[in-house]
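Below, chains carry the letters A, B, ... as their sequence lines are ordered, and counting in each starts from 1.
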Number of protein chains: 2
Amino acid sequence: MAKREEILTAALDVIARNGYRRTSVRELADAVGLSQAGLLHYFSSKEELFQEILRKRDEVDASAFESMHESPIEGFFAVIRHNSEVPGLVQLYAQVSTEAGDPDHPAREFFIERYKQFRAMFSQLIRDEQAAGRIDADLDADRIANLFLAAADGLQTQWMLDPSIDMADHVAYLWQLVTRA
Amino acid sequence: MAKREEILTAALDVIARNGYRRTSVRELADAVGLSQAGLLHYFSSKEELFQEILRKRDEVDASAFESMHESPIEGFFAVIRHNSEVPGLVQLYAQVSTEAGDPDHPAREFFIERYKQFRAMFSQLIRDEQAAGRIDADLDADRIANLFLAAADGLQTQWMLDPSIDMADHVAYLWQLVTRA
DNA sequence: GTCTATATCGTGATAGAC
DNA sequence: GTCTATCACGATATAGAC
(Lines give C-alpha, C1' and ligand atoms only; values in the text may rest on other atoms or scores of the structure.)
Protein backbone atom coordinates (compact mmCIF):
# COMPACT_ATOMS: atom_id res chain seq x y z
CA MET A 1 0.00 0.00 0.00
CA ALA A 2 1.41 3.29 -1.09
CA LYS A 3 -0.73 5.16 1.41
CA ARG A 4 0.76 3.36 4.36
CA GLU A 5 4.23 4.32 3.21
CA GLU A 6 3.11 7.88 2.70
CA ILE A 7 1.76 7.98 6.24
CA LEU A 8 4.95 6.56 7.71
CA THR A 9 7.16 8.97 5.83
CA ALA A 10 5.09 11.93 6.94
CA ALA A 11 5.08 10.62 10.50
CA LEU A 12 8.86 10.43 10.57
CA ASP A 13 8.95 14.02 9.53
CA VAL A 14 6.54 15.23 12.18
CA ILE A 15 8.12 13.22 14.98
CA ALA A 16 11.64 14.27 14.04
CA ARG A 17 10.53 17.82 14.77
CA ASN A 18 8.07 17.37 17.61
CA GLY A 19 9.31 14.33 19.43
CA TYR A 20 7.35 11.33 20.58
CA ARG A 21 5.93 12.57 23.82
CA ARG A 22 3.82 15.24 22.24
CA THR A 23 2.74 13.31 19.20
CA SER A 24 -0.71 11.74 19.15
CA VAL A 25 -2.33 9.80 16.36
CA ARG A 26 -4.46 12.84 15.65
CA GLU A 27 -1.46 15.01 14.88
CA LEU A 28 0.02 12.46 12.55
CA ALA A 29 -3.35 12.25 10.86
CA ASP A 30 -3.41 16.01 10.35
CA ALA A 31 0.01 15.90 8.76
CA VAL A 32 -1.24 13.63 5.99
CA GLY A 33 -4.62 15.28 5.72
CA LEU A 34 -6.58 12.42 7.23
CA SER A 35 -8.82 12.22 10.25
CA GLN A 36 -7.68 10.20 13.22
CA ALA A 37 -10.06 7.39 12.34
CA GLY A 38 -9.01 7.62 8.73
CA LEU A 39 -5.40 7.04 9.64
CA LEU A 40 -6.15 4.19 11.99
CA HIS A 41 -7.85 2.50 9.08
CA TYR A 42 -4.33 1.55 7.97
CA PHE A 43 -3.04 0.33 11.30
CA SER A 44 -4.61 -1.90 13.86
CA SER A 45 -3.61 0.27 16.80
CA LYS A 46 -1.49 3.13 17.89
CA GLU A 47 1.22 0.79 19.07
CA GLU A 48 1.41 -0.93 15.74
CA LEU A 49 1.59 2.43 14.02
CA PHE A 50 4.59 3.51 16.04
CA GLN A 51 6.29 0.19 15.58
CA GLU A 52 5.94 0.56 11.84
CA ILE A 53 7.26 4.10 12.02
CA LEU A 54 10.40 2.74 13.64
CA ARG A 55 10.70 -0.02 11.09
CA LYS A 56 10.41 2.55 8.32
CA ARG A 57 13.11 4.61 9.97
CA ASP A 58 15.51 1.68 10.04
CA GLU A 59 14.77 1.12 6.39
CA VAL A 60 15.44 4.76 5.49
CA ASP A 61 18.65 4.85 7.51
CA ALA A 62 19.88 1.61 6.06
CA SER A 63 19.43 2.70 2.49
CA ALA A 64 20.86 6.13 3.18
CA PHE A 65 23.94 5.15 5.11
CA GLU A 66 24.82 1.57 4.55
CA SER A 67 25.76 1.73 0.90
CA MET A 68 27.56 5.04 0.89
CA HIS A 69 30.38 3.86 3.12
CA GLU A 70 33.07 1.38 2.25
CA SER A 71 33.32 -0.23 5.67
CA PRO A 72 30.15 -1.14 7.61
CA ILE A 73 31.45 0.40 10.81
CA GLU A 74 31.59 3.73 9.01
CA GLY A 75 27.92 3.34 8.18
CA PHE A 76 27.22 2.75 11.86
CA PHE A 77 29.04 5.93 12.80
CA ALA A 78 27.22 7.82 10.07
CA VAL A 79 23.83 6.78 11.43
CA ILE A 80 24.82 7.93 14.89
CA ARG A 81 26.09 11.21 13.55
CA HIS A 82 22.84 11.65 11.70
CA ASN A 83 20.84 10.98 14.84
CA SER A 84 21.88 14.24 16.40
CA GLU A 85 20.03 15.98 13.58
CA VAL A 86 16.75 14.31 14.45
CA PRO A 87 16.23 14.56 18.21
CA GLY A 88 12.58 13.64 17.97
CA LEU A 89 13.42 10.32 16.38
CA VAL A 90 16.00 9.60 19.02
CA GLN A 91 13.36 10.25 21.63
CA LEU A 92 10.86 8.06 19.81
CA TYR A 93 13.26 5.17 19.61
CA ALA A 94 14.51 5.47 23.18
CA GLN A 95 11.01 5.70 24.53
CA VAL A 96 9.40 2.89 22.59
CA SER A 97 12.33 0.52 22.93
CA THR A 98 12.19 0.78 26.70
CA GLU A 99 8.41 0.50 26.79
CA ALA A 100 8.81 -2.67 24.78
CA GLY A 101 10.76 -4.12 27.69
CA ASP A 102 7.40 -4.83 29.26
CA PRO A 103 6.39 -8.46 28.70
CA ASP A 104 2.98 -7.42 27.41
CA HIS A 105 4.04 -4.67 25.06
CA PRO A 106 2.90 -5.32 21.48
CA ALA A 107 6.20 -4.15 20.00
CA ARG A 108 8.27 -6.45 22.17
CA GLU A 109 8.73 -9.07 19.49
CA PHE A 110 9.75 -6.46 16.98
CA PHE A 111 12.55 -5.22 19.19
CA ILE A 112 13.74 -8.66 20.17
CA GLU A 113 14.07 -9.49 16.52
CA ARG A 114 15.71 -6.16 15.77
CA TYR A 115 18.38 -6.62 18.40
CA LYS A 116 18.99 -10.12 17.22
CA GLN A 117 19.72 -8.84 13.75
CA PHE A 118 21.90 -5.95 14.79
CA ARG A 119 23.79 -8.18 17.18
CA ALA A 120 24.49 -10.72 14.43
CA MET A 121 25.50 -8.02 12.00
CA PHE A 122 27.82 -6.37 14.46
CA SER A 123 29.51 -9.45 15.74
CA GLN A 124 30.10 -10.58 12.17
CA LEU A 125 31.67 -7.23 11.47
CA ILE A 126 34.00 -7.72 14.39
CA ARG A 127 34.91 -11.23 13.37
CA ASP A 128 35.79 -9.89 9.96
CA GLU A 129 38.10 -7.38 11.54
CA GLN A 130 39.64 -10.14 13.60
CA ALA A 131 40.19 -12.24 10.51
CA ALA A 132 41.85 -9.27 8.87
CA GLY A 133 44.10 -8.89 11.88
CA ARG A 134 42.80 -5.47 12.84
CA ILE A 135 41.23 -6.70 16.08
CA ASP A 136 42.83 -9.08 18.52
CA ALA A 137 41.51 -12.57 17.85
CA ASP A 138 41.25 -13.25 21.57
CA LEU A 139 38.47 -10.75 22.05
CA ASP A 140 34.89 -11.91 22.40
CA ALA A 141 33.07 -10.63 19.34
CA ASP A 142 29.60 -11.29 20.74
CA ARG A 143 30.12 -9.45 23.95
CA ILE A 144 31.73 -6.56 22.16
CA ALA A 145 28.84 -6.39 19.73
CA ASN A 146 26.39 -6.13 22.63
CA LEU A 147 28.52 -3.46 24.23
CA PHE A 148 28.47 -1.34 21.10
CA LEU A 149 24.72 -1.55 20.79
CA ALA A 150 24.37 -0.77 24.49
CA ALA A 151 26.73 2.17 24.27
CA ALA A 152 24.88 3.58 21.29
CA ASP A 153 21.58 3.31 23.13
CA GLY A 154 22.83 4.61 26.44
CA LEU A 155 24.56 7.56 24.84
CA GLN A 156 21.24 8.64 23.44
CA THR A 157 19.87 9.00 26.94
CA GLN A 158 22.84 11.11 27.94
CA TRP A 159 22.68 13.15 24.77
CA MET A 160 19.01 13.96 25.19
CA LEU A 161 19.81 15.33 28.63
CA ASP A 162 22.93 17.10 27.45
CA PRO A 163 23.23 17.62 23.70
CA SER A 164 26.86 18.68 24.08
CA ILE A 165 27.69 14.99 24.46
CA ASP A 166 29.03 13.79 21.13
CA MET A 167 27.53 10.35 20.63
CA ALA A 168 29.48 9.44 17.52
CA ASP A 169 32.72 10.57 19.07
CA HIS A 170 32.17 8.32 22.06
CA VAL A 171 31.32 5.30 20.00
CA ALA A 172 34.35 5.92 17.81
CA TYR A 173 36.45 6.04 20.94
CA LEU A 174 35.11 2.68 22.01
CA TRP A 175 36.04 1.37 18.58
CA GLN A 176 39.52 2.72 19.04
CA LEU A 177 39.73 0.98 22.41
CA VAL A 178 38.74 -2.30 20.83
CA THR A 179 41.03 -2.07 17.84
CA ARG A 180 44.06 -1.30 19.92
CA ALA A 181 43.42 -3.78 22.70
CA MET B 1 8.78 13.44 57.13
CA ALA B 2 8.73 9.80 58.05
CA LYS B 3 5.54 9.22 56.07
CA ARG B 4 7.11 10.32 52.81
CA GLU B 5 9.92 7.83 53.35
CA GLU B 6 7.44 5.13 54.19
CA ILE B 7 5.58 5.83 50.97
CA LEU B 8 8.74 5.75 48.89
CA THR B 9 9.92 2.50 50.42
CA ALA B 10 6.58 0.83 49.83
CA ALA B 11 6.52 2.19 46.29
CA LEU B 12 9.90 0.66 45.52
CA ASP B 13 8.56 -2.64 46.66
CA VAL B 14 5.42 -2.51 44.54
CA ILE B 15 7.21 -1.30 41.43
CA ALA B 16 9.99 -3.86 41.76
CA ARG B 17 7.31 -6.48 41.38
CA ASN B 18 4.83 -4.86 39.02
CA GLY B 19 6.96 -2.60 36.91
CA TYR B 20 6.38 0.99 36.03
CA ARG B 21 4.00 0.68 33.14
CA ARG B 22 1.23 -0.81 35.16
CA THR B 23 1.71 1.25 38.28
CA SER B 24 -0.61 4.18 38.89
CA VAL B 25 -0.65 6.53 41.83
CA ARG B 26 -3.76 4.76 43.01
CA GLU B 27 -1.99 1.43 43.32
CA LEU B 28 0.87 2.91 45.24
CA ALA B 29 -1.66 4.54 47.53
CA ASP B 30 -3.31 1.20 48.17
CA ALA B 31 0.01 -0.33 49.12
CA VAL B 32 0.46 2.13 51.99
CA GLY B 33 -3.19 2.17 52.93
CA LEU B 34 -3.89 5.68 51.70
CA SER B 35 -6.31 7.02 49.15
CA GLN B 36 -4.96 8.45 45.92
CA ALA B 37 -5.62 11.98 47.13
CA GLY B 38 -4.13 11.12 50.49
CA LEU B 39 -0.88 10.05 48.91
CA LEU B 40 -0.67 13.06 46.61
CA HIS B 41 -0.87 15.20 49.70
CA TYR B 42 2.82 14.41 50.10
CA PHE B 43 3.88 15.08 46.53
CA SER B 44 3.04 17.88 44.22
CA SER B 45 2.42 15.62 41.25
CA LYS B 46 2.80 12.15 39.91
CA GLU B 47 6.00 13.10 38.17
CA GLU B 48 7.55 14.40 41.34
CA LEU B 49 6.50 11.24 43.14
CA PHE B 50 8.29 9.01 40.65
CA GLN B 51 11.35 11.21 40.66
CA GLU B 52 11.54 10.84 44.42
CA ILE B 53 11.10 7.10 44.14
CA LEU B 54 14.15 7.00 41.92
CA ARG B 55 16.10 9.20 44.27
CA LYS B 56 15.21 6.91 47.13
CA ARG B 57 16.35 3.95 45.10
CA ASP B 58 19.75 5.48 44.49
CA GLU B 59 20.01 6.14 48.19
CA VAL B 60 19.12 2.56 49.10
CA ASP B 61 21.53 1.14 46.53
CA ALA B 62 24.33 3.41 47.60
CA SER B 63 24.09 2.47 51.24
CA ALA B 64 23.67 -1.21 50.43
CA PHE B 65 26.48 -1.62 47.95
CA GLU B 66 28.96 1.15 48.20
CA SER B 67 30.35 0.43 51.62
CA MET B 68 30.45 -3.34 51.43
CA HIS B 69 33.06 -3.43 48.68
CA GLU B 70 36.66 -2.46 48.93
CA SER B 71 36.98 -0.96 45.47
CA PRO B 72 34.27 1.35 44.13
CA ILE B 73 34.14 -0.47 40.81
CA GLU B 74 33.10 -3.59 42.68
CA GLY B 75 30.21 -1.64 44.15
CA PHE B 76 29.19 -0.63 40.64
CA PHE B 77 29.20 -4.22 39.51
CA ALA B 78 27.24 -5.23 42.59
CA VAL B 79 24.50 -2.73 41.84
CA ILE B 80 24.23 -4.04 38.31
CA ARG B 81 24.12 -7.60 39.52
CA HIS B 82 21.41 -6.63 41.97
CA ASN B 83 19.38 -5.00 39.21
CA SER B 84 18.56 -8.29 37.62
CA GLU B 85 16.67 -9.15 40.81
CA VAL B 86 14.38 -6.16 40.47
CA PRO B 87 13.14 -5.98 36.88
CA GLY B 88 10.39 -3.53 37.74
CA LEU B 89 12.90 -1.01 39.00
CA VAL B 90 15.02 -1.41 35.91
CA GLN B 91 11.94 -0.70 33.87
CA LEU B 92 11.06 2.30 36.00
CA TYR B 93 14.49 3.80 35.65
CA ALA B 94 14.81 3.14 31.93
CA GLN B 95 11.41 4.55 31.25
CA VAL B 96 11.59 7.70 33.32
CA SER B 97 15.16 8.52 32.35
CA THR B 98 14.23 8.51 28.69
CA GLU B 99 11.03 10.46 29.27
CA ALA B 100 13.18 13.03 31.03
CA GLY B 101 15.00 13.58 27.77
CA ASP B 102 12.11 15.78 26.80
CA PRO B 103 12.94 19.45 27.37
CA ASP B 104 9.72 19.98 29.30
CA HIS B 105 9.85 16.97 31.55
CA PRO B 106 9.79 17.89 35.24
CA ALA B 107 12.42 15.30 36.15
CA ARG B 108 14.86 16.53 33.54
CA GLU B 109 16.94 18.54 35.99
CA PHE B 110 17.11 15.64 38.37
CA PHE B 111 18.60 13.38 35.74
CA ILE B 112 21.00 15.98 34.42
CA GLU B 113 22.33 16.39 37.92
CA ARG B 114 22.41 12.66 38.50
CA TYR B 115 24.47 11.99 35.40
CA LYS B 116 26.80 14.80 36.30
CA GLN B 117 27.48 13.17 39.64
CA PHE B 118 27.91 9.65 38.34
CA ARG B 119 30.13 10.91 35.55
CA ALA B 120 32.37 12.74 38.01
CA MET B 121 32.49 9.78 40.34
CA PHE B 122 33.34 7.37 37.57
CA SER B 123 35.97 9.43 35.87
CA GLN B 124 37.64 10.02 39.23
CA LEU B 125 37.65 6.29 39.78
CA ILE B 126 39.38 5.81 36.46
CA ARG B 127 41.92 8.49 37.15
CA ASP B 128 42.72 6.76 40.40
CA GLU B 129 43.34 3.54 38.53
CA GLN B 130 45.54 5.41 36.10
CA ALA B 131 47.52 6.91 38.95
CA ALA B 132 47.94 3.44 40.39
CA GLY B 133 49.21 2.22 37.04
CA ARG B 134 46.37 -0.19 36.47
CA ILE B 135 44.94 1.73 33.53
CA ASP B 136 46.96 3.25 30.73
CA ALA B 137 47.49 6.93 31.49
CA ASP B 138 46.89 7.83 27.85
CA LEU B 139 43.25 6.85 27.98
CA ASP B 140 40.57 9.51 28.25
CA ALA B 141 38.95 9.05 31.65
CA ASP B 142 35.95 11.25 30.88
CA ARG B 143 34.99 9.51 27.70
CA ILE B 144 35.45 6.13 29.29
CA ALA B 145 33.28 7.16 32.21
CA ASN B 146 30.50 8.15 29.83
CA LEU B 147 30.87 4.89 27.98
CA PHE B 148 30.46 2.89 31.16
CA LEU B 149 27.31 4.73 32.12
CA ALA B 150 25.99 4.35 28.60
CA ALA B 151 26.79 0.66 28.51
CA ALA B 152 25.08 0.09 31.83
CA ASP B 153 21.97 1.91 30.61
CA GLY B 154 21.88 0.32 27.19
CA LEU B 155 22.37 -3.15 28.56
CA GLN B 156 19.23 -2.69 30.59
CA THR B 157 17.23 -2.24 27.41
CA GLN B 158 18.70 -5.42 25.99
CA TRP B 159 18.23 -7.30 29.22
CA MET B 160 14.57 -6.36 29.50
CA LEU B 161 14.04 -7.80 26.04
CA ASP B 162 16.19 -10.83 26.71
CA PRO B 163 16.90 -11.61 30.36
CA SER B 164 19.54 -14.14 29.38
CA ILE B 165 21.85 -11.20 28.68
CA ASP B 166 24.16 -10.88 31.67
CA MET B 167 24.48 -7.16 32.29
CA ALA B 168 27.16 -7.36 34.95
CA ASP B 169 29.21 -9.75 32.89
CA HIS B 170 29.20 -7.37 29.95
CA VAL B 171 30.18 -4.37 32.01
CA ALA B 172 32.94 -6.38 33.63
CA TYR B 173 34.17 -7.29 30.17
CA LEU B 174 34.30 -3.64 29.24
CA TRP B 175 36.31 -3.04 32.37
CA GLN B 176 38.69 -5.77 31.34
CA LEU B 177 39.03 -4.18 27.93
CA VAL B 178 39.92 -0.87 29.51
CA THR B 179 42.36 -2.23 32.04
CA ARG B 180 44.30 -4.20 29.47
CA ALA B 181 44.31 -1.58 26.75
C1' DG C 1 -11.52 4.71 2.04
C1' DT C 2 -12.64 8.27 4.69
C1' DC C 3 -15.39 11.01 7.79
C1' DT C 4 -18.25 12.28 11.92
C1' DA C 5 -19.57 11.16 16.16
C1' DT C 6 -19.32 8.85 20.21
C1' DA C 7 -18.17 5.20 23.60
C1' DT C 8 -15.07 4.35 26.91
C1' DC C 9 -11.41 4.44 29.83
C1' DG C 10 -7.67 5.45 32.95
C1' DT C 11 -5.98 8.49 35.63
C1' DG C 12 -4.14 12.73 37.54
C1' DA C 13 -5.71 16.78 39.86
C1' DT C 14 -8.60 19.40 43.03
C1' DA C 15 -12.42 21.04 46.27
C1' DG C 16 -14.19 20.63 50.44
C1' DA C 17 -15.87 17.89 54.51
C1' DC C 18 -14.27 15.60 58.70
C1' DG D 1 -3.78 14.54 57.31
C1' DT D 2 -6.84 12.00 55.17
C1' DC D 3 -11.02 10.85 52.78
C1' DT D 4 -14.88 11.15 49.38
C1' DA D 5 -16.37 12.81 45.36
C1' DT D 6 -15.91 14.77 41.23
C1' DC D 7 -13.76 16.96 37.52
C1' DA D 8 -11.24 17.36 33.48
C1' DC D 9 -8.94 15.64 30.05
C1' DG D 10 -6.61 13.40 26.54
C1' DA D 11 -6.48 9.85 24.47
C1' DT D 12 -7.70 5.46 21.49
C1' DA D 13 -10.99 2.64 19.56
C1' DT D 14 -15.19 1.75 17.09
C1' DA D 15 -19.87 2.16 14.83
C1' DG D 16 -22.06 3.56 11.07
C1' DA D 17 -23.04 7.02 7.35
C1' DC D 18 -21.41 8.60 2.84
(Q) Looking at B:R4 and B:E48, is there a salt bridge between them, counting it only when a charged N and a carboxylate O are closer than 4.0 Å? (A) yes
Q: Please confirm whether the backbone N or O of B:L8 pairs with a side-chain atom of B:E52, one donor and one acceptor, at under 3.5 Å?
A: no
Q: Take the protein atom CD of A:E48 and the nucleotide atom P of D:dT12, then report the distance between them rounded to whole Å.
A: 14 Å
Q) Does a salt bridge link B:D162 with A:R108, judged by any charged N lying under 4.0 Å from a carboxylate O? A) no
Q: Could you state the atom-to-atom distance from NE2 of A:H41 to C1' of D:dT12 in whole Å?
A: 17 Å
Q. Between B:D104 and A:R21, is the closest basic N to carboxylate O distance under 4.0 Å?
A. no
**Q.** Nearest-Å distance for atom pair CG/C1', residues A:L28 and D:dT12
**A.** 13 Å
(Q) With a 4.0 Å cut-off on N to O distance, would you call B:R81 and B:D169 a salt bridge? (A) no
Q) So what does A:L34 touch, heavy atoms closer than 4.0 Å: a base, only the sugar-phosphate, or nothing? A) sugar-phosphate
Q) Is any NZ, NE, NH1 or NH2 atom of the basic residue among B:D138 and A:R180 found under 4.0 Å from an Asp or Glu carboxylate oxygen of the other? A) no
Any protein N or O atoms within reach of nucleotides 11-18 of chain C? Criterion: under 3.5 Å, listing atom names and distances.
unit_1: C:dG12; atom_1: OP2; unit_2: B:V25; atom_2: N; d: 3.1
unit_1: C:dG12; atom_1: N7; unit_2: B:Q36; atom_2: NE2; d: 3.4
unit_1: C:dA13; atom_1: OP2; unit_2: B:K46; atom_2: N; d: 3.0
unit_1: C:dA13; atom_1: N7; unit_2: B:Q36; atom_2: NE2; d: 3.0
unit_1: C:dA13; atom_1: N6; unit_2: B:Q36; atom_2: OE1; d: 3.1

